[in-house]
Amino acid sequence: MAQTIDLDIRGQICPSCLLLTLKELNRHAAAIRGGGTEIVVTTDDRQATATIPSTADRMGFRTEVSRLDGGYRIRIFGTG
């Protein structure tokens, strides 16, 4: 079972949403790529639903975005 890192950044706006997520992505990149870890970002900034997934995708990660009541959930995970 994968370890989940919950990153609740509600109340933040881009670019700080992206920067906070990138910090965690860089810190746990190897574990995420290996499939043992995933990051779940909770945000209320709609712009983050575009900037975070596109950046994570360019870095070789997979993403899923879903709508929550009052916000969004962005799951970032590896291919393995």
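Computed from a predicted model, the values in this text were never measured in an experiment.
- Cluster membership check: Tyr72 does not share its hydrophobic cluster with Val41, using side-chain heavy-atom separations under 4.5 Å among Ile, Leu, Val, Met, Phe, Trp and Tyr.
- Every pair passing salt bridge (Lys or Arg N to Asp or Glu O under 4.0 Å) that includes a residue from residues 36-49 is listed here, sequence neighbours excluded: Glu38-Arg75.
- How far CZ of Arg73 is from OG of Ser66: 5.0 Å, rounded to the nearest 0.5 Å.
- Arg58 pairs by the side-chain contact (heavy atoms from CB on, under 4.5 Å) definition with Ser54, Thr55, not counting sequence neighbours.
- Scanning for side-chain hydrogen bond (donor to acceptor under 3.5 Å, both in side chains) contacts around Arg10 gives Asp8, with sequence neighbours left out.
- Taking Thr63 as the reference, Asp57 meet the side-chain hydrogen bond (donor to acceptor under 3.5 Å, both in side chains) condition, with sequence neighbours excluded.
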Going through the distances and angles, do Val40 and Ile74 end up as a side-chain contact (heavy atoms from CB on, under 4.5 Å)? CA-CA 6 Å; Val40 175; Ile74 305 167; over 6 Å; no
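- Side-chain contact between Thr37 and Thr4 is absent, with no heavy-atom pair separated by less than 4.5 Å.
- For residues 11-20, the set of pairs meeting the salt bridge (Lys or Arg N to Asp or Glu O under 4.0 Å) definition, not counting sequence neighbours, is empty.
- For Arg27, the salt bridge (Lys or Arg N to Asp or Glu O under 4.0 Å) test picks out Glu24, with sequence neighbours left out.
- Applying the side-chain contact (heavy atoms from CB on, under 4.5 Å) criterion to Ala29, with sequence neighbours excluded, gives Arg33, Phe61.
- Of the possible donor and acceptor atoms, one in the side chain of Thr21 sits under 3.5 Å from a partner among the backbone N and O of Cys17.
- With sequence neighbours left out, Thr42 forms a side-chain hydrogen bond (donor to acceptor under 3.5 Å, both in side chains) with no residue at all.
- No more than 12 heavy atoms of other residues, nucleotides or ligands shown are found within 6.0 angstrom of CD1 on Ile13.
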Would Thr49 and Arg67 satisfy side-chain contact (heavy atoms from CB on, under 4.5 Å), going step by step from the backbone distance to the final call? CA-CA 10 Å; Thr49 64; Arg67 181 99 165 100; over 6 Å; no
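- The shortest heavy-atom contact between Ile76 and Ile32 is O-CG2, 4.4 Å.
- Proximity of Ile5 to His28: side-chain heavy atoms (C-beta onward) are separated by under 4.5 Å at one or more points.
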Please determine whether side-chain contact (heavy atoms from CB on, under 4.5 Å) holds for the pair Leu25 and Met59, giving the CA-CA distance in whole Å, both sets of side-chain angles, and the decisive distance to 0.1 Å. CA-CA 9 Å; Leu25 274 174; Met59 294 174 70; 4.2 Å; yes
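- Residues Leu18 and Ile39 share a hydrophobic cluster, clusters being chains of Ile/Leu/Val/Met/Phe/Trp/Tyr side chains in contact below 4.5 Å.
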